[in-house]
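The block underneath contains the structure these notes are about, expressed in structure tokens.
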Amino acid sequence: MVKPRVHYHLPGLFEFYELYRAFLPLFSEHRDWFYDWCDIGSIYGAPADCIWGGGRVGFGDNDTQAVLALLRKYGISARLTFSNSLLREEHLSDGRCNKLCAMLAAEGNNGVIVHSDLLLDYLKKTYPELYFVSSTTKVLTDFRDLKNELNREVFRYVVPDFRLNKAFEKLNALSAAQKDKLEFLCNECCWFGCPDRKACYENVSRKCLGEDCPDHVCVAPDGNDGYRFSKAMENPAFIGIDDIQNIYVPMGFSNFKLEGRGLGSAMILEFLLYYMTKPQCQLRVREAIYLDSMLDLF
């Protein structure tokens, strides 16, 4: 069997456990329903009330042992989204976050998505079994900064800001080792011209730390409409399956991240159908998921 050339990194490790408990058996047992050129490289997320959390406020409350057992069964890497950018020394001793890291470290081949170098240095020393991913919350929009991040040996993967997705001439000039580490955010719905992306992420970091602060006010056109996959597809940075197969894979890229931790399971299912499922088999997957009486998609 030809090894898949595309590895998807999916949202909702804790947030959408029930969905993945229904989807992963389908992906494993009915592999012919899905594109043979892709697999699941990891599933990422964080439970509720994790002060190291960032990017989105986690809301999952599923048992960690059950979550890890599910991913272990299917040989999928788990990633904790601990991308808080405002951590201080006193936050490093947090019991809940340390326990989660210890559990993932004991499993092997699991990782942490980080922003803070303070946290990164602590995790390297305390949980050397984990691998590390540089978070898109760093908002690396300058290509020189992206190259510097790719050259940091501590990171297995680096997720740039989505606005560098189509910088093809510069991307193609990267070395093979740098291309192997680059993980593109495919389905971002954020306004391409947004000047406040870093401030938005910092607001989430403050909330995860329990600080009493007002919500970030989005100034994007139609910013109050919420996430729409159809809108994301119109974003200049959107990466679709044709782009992946015809542009990115020939250029030597293989890692693609889907956002969506703050969305509902029904929307995540649409991502799984679009990016991974053959069109003629999408109804079969929908039926199998919808008829699972244990899963509430809405």
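Just so you know, these numbers use all the heavy atoms, side chains as well, and skip hydrogens, waters and symmetry mates.
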Determine, stepwise, if the pair Tyr17 / Leu70 fulfils side chain to side chain contact (heavy atoms under 4.5 Å, CB included). CA-CA 9 Å; Tyr17 165 76; Leu70 178 67; 3.7 Å; yes
With a cut-off of 3.5 Å and sequence neighbours excluded, list every side-chain donor-acceptor pair involving residues 245-254.
residue : atom : partner : partner atom : Å
Gln245  : OE1  : Arg5    : NH2          : 3.2
Asn246  : ND2  : Asp242  : O            : 3.2
Tyr248  : OH   : Asn165  : O            : 2.6

Is it true that [X] and [Y] make a salt bridge, defined as a side-chain N closer than 4.0 Å to a carboxylate O?
X	Y	answer
Arg261	Glu15	yes
Lys231	Glu234	no
Arg156	Glu183	no

For Lys147, does the NZ atom have more than 12 heavy-atom neighbours from other residues, nucleotides or ligands under 6.0 Å away?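 Result for NZ/Lys147: open.
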Set of residues satisfying salt bridge (charged side-chain N to carboxylate O under 4.0 Å, His left out) with respect to Glu149, sequence neighbours excluded: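 Lys138, Arg152.
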With Asp142 via side-chain contact (heavy atoms from CB on, under 4.5 Å) - residues at least two apart: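 Here the qualifying residues are Arg144, Asp145.
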Under 3.5 Å, is there a donor-acceptor pair between the side chain of [X] and the main chain of [Y]?
X	Y	value
Asn187	Leu258	no
Lys181	Phe155	yes
Ser83	Ser135	no
Lys257	Tyr8	no
Glu287	Arg284	no
Arg31	Tyr35	yes

Between Tyr275 and Phe229, what is the ring plane arrangement, given parallel below 30°, perpendicular above 60°, and tilted in between?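 Tilted, since the angle between the ring planes falls between 30° and 60°.
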Would you call the rings of Phe238 and Tyr274 parallel, tilted or perpendicular if under 30° counts as parallel and over 60° as perpendicular?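 The rings of Phe238 and Tyr274 sit tilted, inter-plane angle from 30° to 60°.
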Less than 6.0 Å separating the ring centroids of Phe82 and His115?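 Judged by ring-centre distance (under 6.0 Å), Phe82 and His115 do not meet the cut-off.
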Could you check, using the six-membered ring where one of them is a Trp, whether Phe23 and Phe34 have ring centers closer than 6.0 angstrom?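 Under 6.0 Å, so yes.
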Would you sort out whether Ser42 and Arg79 count as a side chain to side chain donor-acceptor pair (under 3.5 Å), showing the intermediate values? CA-CA 7 Å; Ser42 73; Arg79 293 181 182 177; 3.2 Å; yes
Leu283, Ile241: one ILVMFWY side-chain cluster at the under-4.5 Å cut-off?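 Per the 4.5 Å side-chain linkage, Leu283 and Ile241 are not co-clustered.
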Show, in sequence, the C-alpha distance, side-chain angles and deciding distance for Asp39 and His7, and conclude whether the side chain to side chain donor-acceptor pair (under 3.5 Å) test is met. CA-CA 5 Å; Asp39 65 10; His7 313 295; 2.7 Å; yes
Less than 3.5 Å apart, any donor N or O on the side chain of Asn235 or Glu188 sitting next to an acceptor on the other?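 Note: Asn235 and Glu188 side chains miss the donor-acceptor criterion.
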Determine whether the side chains of Tyr122 and Asn98 contain a donor N or O and an acceptor N or O closer than 3.5 Å.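 Yes - a donor-acceptor pair under 3.5 Å links their side chains.
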